[in-house]
Number of protein chains: 2
Amino acid sequence: MTDNDPVIASFKRWVAMPVVTARCPVRDVLDRLGEKWTTLMIMALADGPKRFSELRRAVPDISKRSLTLALRNLEEDGIITRHVFPTNPPAVEYRLAPLGATMLEPLAGMIAWAERHHPEIQAARDRRRKELAAEV
Amino acid sequence: MTDNDPVIASFKRWVAMPVVTARCPVRDVLDRLGEKWTTLMIMALADGPKRFSELRRAVPDISKRSLTLALRNLEEDGIITRHVFPTNPPAVEYRLAPLGATMLEPLAGMIAWAERHHPEIQAARDRRRKELAAEV
DNA sequence: CGGGATCCCGCGGGATACTG
DNA sequence: CAGTATCCCGCGGGATCCCG
């Protein structure tokens, strides 16, 4: 589309390494992003802190267990912080740490791409499905 | 860091939906990106087409089976294309489709972020590990 | 309310062997 | 070389119950 040379150049470095062996920084971070819920958590916290139950409502189809684990991992990585208010019943607030906030921009790029190109992906999948149906 | 208001605004839209129910476009794409090898494949193909065996060498710790599956999925989504040369032995070339090429830019953003902030993440993890060791 | 502890199941994905 | 076909195991993650 546009001239991607600088972008491609940035990839060449990785591709030449000879690529991305098991424990490289990039794969480390990418794996964490692959963990099904982490990305959604960051998105849900983008517009400000939320409590545990608010996060559950924000992402309805997550189990308490998985929500807890996802939040713990993100906290461990310094992406979010966790504040316990010693009220009764307890209230716990999660918010993006400064490090987490810096993720929003690249993440927004991916989201925007997903939103823009999802129709094309769907079309490609439908095409493929038709082909499969036809050749039987 | 910088003023993130426009970025945050883009998230608010999703967070308000009330968020990202099970089969929304964004999660659809994000799930695919989570599939452990797909992102690496796109990276490996960024600087030009590659053959099956070249991809194996580029990402040494992937099994043939998983490589095949990852490539099939990406092809199904219209991200890459697959060309078979009827030589003997056969040669198969994979390359980014136009749709796939448009992914490089947002993906490069994530890669750059990962590269830049990985030290901070490691530091946070190490800190956490020390705390755990201390409280025993 | 915000978890922890257990149990349990599915499937992602590795290892191996075979094929055109 | 570029796959397919099987087999099999681990663990991600849901469901359920409990607790301060």
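Chain letters run A, B, ... following the sequence lines, proteins first, then strands; residues in each count from 1.
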For [N] and [X] - does any side-chain N or O of the residue sit under 4.0 Å from the phosphate oxygens OP1/OP2?
{"X": "R82(A)", "N": "dG3(C)", "result": "yes"}
{"X": "S66(B)", "N": "dG13(C)", "result": "no"}
{"X": "R51(A)", "N": "dG2(C)", "result": "yes"}
{"X": "S53(B)", "N": "dA2(D)", "result": "yes"}

Measure from [atom1] on [X] to [atom2] on [N] and round the result to the nearest Å.
{"X": "W37(A)", "N": "dG12(D)", "atom1": "CH2", "atom2": "C1'", "result": "12 Å"}
{"X": "N88(B)", "N": "dA2(D)", "atom1": "CG", "atom2": "C1'", "result": "12 Å"}
{"X": "R56(A)", "N": "dG2(C)", "atom1": "CZ", "atom2": "C1'", "result": "10 Å"}
{"X": "K50(A)", "N": "dG2(C)", "atom1": "NZ", "atom2": "C1'", "result": "17 Å"}
{"X": "M41(A)", "N": "dG2(C)", "atom1": "CE", "atom2": "P", "result": "14 Å"}
{"X": "D31(A)", "N": "dG12(C)", "atom1": "CG", "atom2": "P", "result": "16 Å"}

Report task. Might you point out which heavy atoms bring T38(A) and L74(A) nearest each other, and give the distance in Å? Result -> O-CD1, 4.0 Å
**Report entry** First of L67(B) and K64(B) reached from the 5' end of DNA chain C, by closest nucleotide
**Finding:** L67(B)
Report summary line: Closest to the 5' end of DNA chain C, once S63(B) and Y94(A) are matched to their nearest nucleotides, is Y94(A)
Can you tell whether the side chains of [X] and [Y] come within less than 4.0 Å, N to carboxylate O?
{"X": "R125(A)", "Y": "D28(B)", "answer": "yes"}
{"X": "D61(A)", "Y": "R27(B)", "answer": "yes"}
{"X": "E93(B)", "Y": "R95(B)", "answer": "yes"}
{"X": "D77(A)", "Y": "R72(A)", "answer": "no"}

Report task. Using a 4.0 Å heavy-atom cut-off across all strands, classify F85(B) as base, sugar-phosphate, or nothing. Result -> nothing
Query raised in the report: If you look at every strand shown and take non-hydrogen atoms under 4.0 Å, does R72(B) touch a base, only sugar-phosphate, or nothing?
Result: sugar-phosphate
Query raised in the report: Which nucleotide in the list dG14(C), dG3(D), dG14(D) gets nearest to the side chain of F52(B)?
Result: dG3(D)
Query raised in the report: Do R65(B) and dT16(C) share a donor-acceptor pair, side chain to base, under 3.5 Å?
Result: no
Query raised in the report: When the nearest nucleotide of DNA chain D is assigned to P90(A) and to I62(A) on a heavy-atom basis, which residue is associated with the more 5' position?
Result: I62(A)
